[in-house]
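To keep things clear, I will list the structure first and then write my remarks on it.
So that the names make sense, note that chain A is the first sequence line, chain B the second, and so on, each numbered from 1.
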Amino acid sequence: MTTKLKPVDAVVVGTGVVGSIMAKELADAGLKVVALERGRMIDPQHDFAVPSTYDELKFDRFSDIFQDLSRETLTFRNSPGERALPMREMGSFKPGEAVGGTALHWSTHARRFLPWDFETRSRTVERYGKGMIPENCTSQDWGITYEELEPYYDQFEHLYGVGGKAGNLDGVIQEGGNPFEGPRSREYPNPPSPMTYAGTMFATACAELGYKPHVNPIAAQTQAYTNPYKLMLGQCIRGGFCTSHACSQGAKANPSTTVIPALLKQENCEIRPLSNVIRVNLDSDRKRATGVTYLDASGREFEQPADIVVLGAYTFNNVRLMLLSGIGAPYDPVANRGVVGRNYSYQSHGRVTMFFEEKAFNPFMGGGARGTAIDEFNGDNFDHSGLDFFGGAYVNVASAGALPIRSTTVPAGTPKWGSEWKRAAAHYYQRNFSIRVGGGCQSYRQNYLDLDPTYRDANGLPLLRMTFDWGENERKSIDWVTGKAEEIAKAMNPSRMNTSGQHGHYDIVPYQSTHNIGGAAMGADPATSAVNKYLQSWDVSNVFVIGGSAFPQNAAYPPTQTIGTLACWAADNIRGTYLKRPGPMA
Amino acid sequence: MQESAEAPHVFNYLTQPEVRFLDAAAARLIPADDLGPGGKEAGVSAYIDNQLNSVWGSHGRNYRSGPWPEGTPYQGFQSRLTPREIYRAAIRETNVHCLKQYQKAFEFLGPREQDDVLKGLESGTIELSSVSSKLFFGLLIRNTMEGFFADPIYGGNRDKVGWKLIGFPGVPPSNYNDLIDEHNVPYRVEPVSILDIRQGKVQLDAQGLPKHVRLGNQE
């Protein structure tokens, strides 16, 4: 039994960083909007109250703001020859499940991608020749440039109150900022954060080596701030408990602080929590969506008709809904044809942890990604001639608060338990910090998403299947940049050093990052992309698929700010162009 | 700040022999020594008992449908058994091994023998009949560390001994921003837990955040 509801102008799937902005912008344009969220409603004042947010165990493991895998997970294998098995326990990444989405627990690294990141393939071929790109690599241009997105990066930064220092204002390099960033039209809305001891030590060592250190731009408010939706955000108190955690201070910019309170006041928009969309409905010639079907908390089926369908969920859900609904051709890695599920990618990492004997870093004081970074080894900011990889990594220190279960780090070679471990843990907790090497991740033919033939969710629908392993390019680039990070580390004279790179196979167990991207890539060519540059489905023109799913490969920087920026860009183009003349925009 | 003795834990899931096993294991994984109390004193067994009664103990938020073939190490946890079931089976079977090998249960072995058994579980050289010993040890070490370092509301980290060991201050105050320029100056305080706040043991400011009491900076 399906209950057919009254039609609306637009239905938005998901209420995270994308869904919240899309619902707000479309409602502001006068549309009647319904936003469907599979998770529960969040009341930040009570859900994220003092002192219960200061609970490492809860947010590492139990919190119901993370996806409930008992109802839906995905299956995973390293290569197409293996049998995929379900990810039974949360590990490598933590997708969200609540009004506010995954961004409720992001760590606030608010970076614009480099201009190069949007034109990875053409610029690499242009500078180094075709031979630089491995044969099985499917990385491609985005079909959009940094220049086109710049006003929307600016919009997002003001929405989220990002604090930082410009490095390039209209082409003029600014002292103290990141000289490698693309030109920006104006300064950040908030000042950069005052610096921690670790961030200062790292910046000093980098400057002495001739690099250009700068303060990480972050969306943990560096001062009280009112955003363009007239919402007030509090100042970050540097209390730590940041990554994986919700913020009790209203200082971490996220959908629940920057957009949703304004959305809840809007009469022409409704957020329906505990509403799990299972399908986009298409008309008989499959060129037009008629709305979506969802299940409510008690499993009752509803059809919500709408003129516009926005898939604004997490990467996995956007791709899965396209596959379950038959929107776009599923990717076939053997023939290298089809687009949905193609170019799934992730984020590569290296790390150098330095241990000192006579220092005190007070590592529990932290706020978002507060720290410093250099960008000399990111993207194509350095000459790769003679190197056997392309792309790179940004090198940074960031203090989100070293919590004791996860961050009691000891020098390599120390036993994992017993007296020796205890002595090292007691001595070094206060006396270590890490340089993090955040790397890009190219896309490959053998890394993709499709529907699993065996395992099903609680509604009987096939789970998404992930086939993924690290590429040689990522192993090499992380090794190389981590070598540079080690040189910087040595300049600080630590007594001991742990170094880790991107070796071996991708392992779904240890937490790495919630930076799963691709599978519904945007692009200029319908043969290799699922959506056009306006995030509009090539096949069903009233469906927009917006999110990390649209990245054709991953940049080194964390993805959240670019995901939000794509929403601002898509919303503006829907308002300015599509609503006047519905139909294919490219 | 006055530390009152916390009420003894009433074990709900674990049996007395299981508690004695876990106390003995926690005492080797994190020994009491000149640096302070260890895992046993911190109440790791009480913590594990609480965890086995929680949603996590029965993998209530995990995917639990079959089929259950063995996976590669990169595919993660694939056992049909929940943590409750793993602890129950593995403790019993480890004791069977100890009785065979040493004619004594684990809790009665000397420290060196206990370490050998723990290493045998860790490396997988001791084979248990119904569960992988590595899987069991992985849960045991993870839960022991959690029971030592998680907020005392979960029953472990008694008297915040884990936090005192490393110098973690717990729930933050509202004034860390004032200290941002205190570079290389260790911030030492009596740690504050959520439990302390719930029990009304600490002074709070208008926001409900604790006022930390700083300790001297001498080692």
Between [X] and chain A, with a heavy-atom cut-off of 4.5 Å, which part of the residue counts as in contact: side chain, backbone, both or neither?
X	answer
B:Thr144	neither
B:Leu165	both
B:Glu122	side chain
B:Asp34	side chain
B:Leu209	both
B:Ile153	side chain

Most contacts with chain B, counted as non-hydrogen pairs under 4.5 angstrom, among [options]:
options	value
A:Pro404, A:Ala425, A:Gly239	A:Pro404
A:Thr454, A:Ile405, A:Thr196, A:Leu463	A:Ile405
A:Leu85, A:Ile508, A:Val509	A:Leu85
A:Thr200, A:Thr53, A:Asp457	A:Thr200
A:Glu56, A:Lys359, A:Met87	A:Lys359
A:Val50, A:Leu57, A:Asp507	A:Leu57

Heavy-atom cut-off 4.5 Å, strictly under: side chain, backbone, both or neither for [X] against chain B?
X	value
A:Arg406	neither
A:Gln249	side chain
A:Asn78	side chain
A:Glu358	backbone
A:Arg83	both
A:Met365	both
A:Tyr54	both
A:Asp64	both
A:Ala402	backbone
A:Ala84	backbone
A:Met201	neither
A:Phe361	neither

Pair B:Arg88 + B:Glu18: basic N to acidic O under 4.0 Å: yes
Could you have a look at [options] and say which one has the most heavy-atom pairs with chain A under 4.5 angstrom?
options	answer
B:Leu204, B:Leu118, B:Val55	B:Leu118
B:Pro67, B:Ala32, B:Gly66	B:Pro67
B:Ala150, B:Pro169, B:Ser174	B:Pro169
B:Asp33, B:Leu29, B:Ile197	B:Leu29
B:Gly208, B:Gly76, B:Pro210, B:Pro69	B:Pro69
B:Trp163, B:Phe148, B:Trp56	B:Trp56

Does A:Gln221 reach the main-chain N or O of A:Met232 with its side chain, forming a donor-acceptor pair under 3.5 Å?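 Looks like no, no N/O pair under 3.5 Å.
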Can a side-chain donor-acceptor contact be found between [Y] and [X] if the only test is distance below 3.5 angstrom?
X	Y	result
A:Ser495	A:Glu357	yes
A:Asn432	A:Thr353	no
A:Asp55	B:Tyr154	yes

Is there side-chain contact between [X] and [Y], with at least one heavy-atom pair below 4.5 Å?
X	Y	result
B:Gln78	B:Glu70	no
A:Lys58	A:Ser52	yes
A:Ser79	A:His505	no
B:Phe77	B:Leu135	yes

Mind checking whether [X] and [Y] have parallel, tilted or perpendicular rings, split at 30° and 60°?
X	Y	value
B:Phe106	B:Phe21	tilted
B:Tyr187	A:Phe364	tilted
B:Tyr176	B:His212	perpendicular
B:His97	B:Tyr102	perpendicular
B:Phe136	B:Tyr87	perpendicular

Nearest 0.5 Å please: distance from the CG atom of B:Leu140 over to the OG atom of B:Ser133.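 Atom-to-atom, B:Leu140:CG and B:Ser133:OG are 11.5 Å apart.
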More than 12 heavy atoms of other residues, nucleotides or ligands under 6.0 Å from NZ of A:Lys94: yes or no?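 Correct, the count exceeds 12.
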Can we call the ring centroids of A:Tyr506 and A:Phe76 under 6.0 Å apart?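 Judged by ring-centre distance (under 6.0 Å), A:Tyr506 and A:Phe76 do meet the cut-off.
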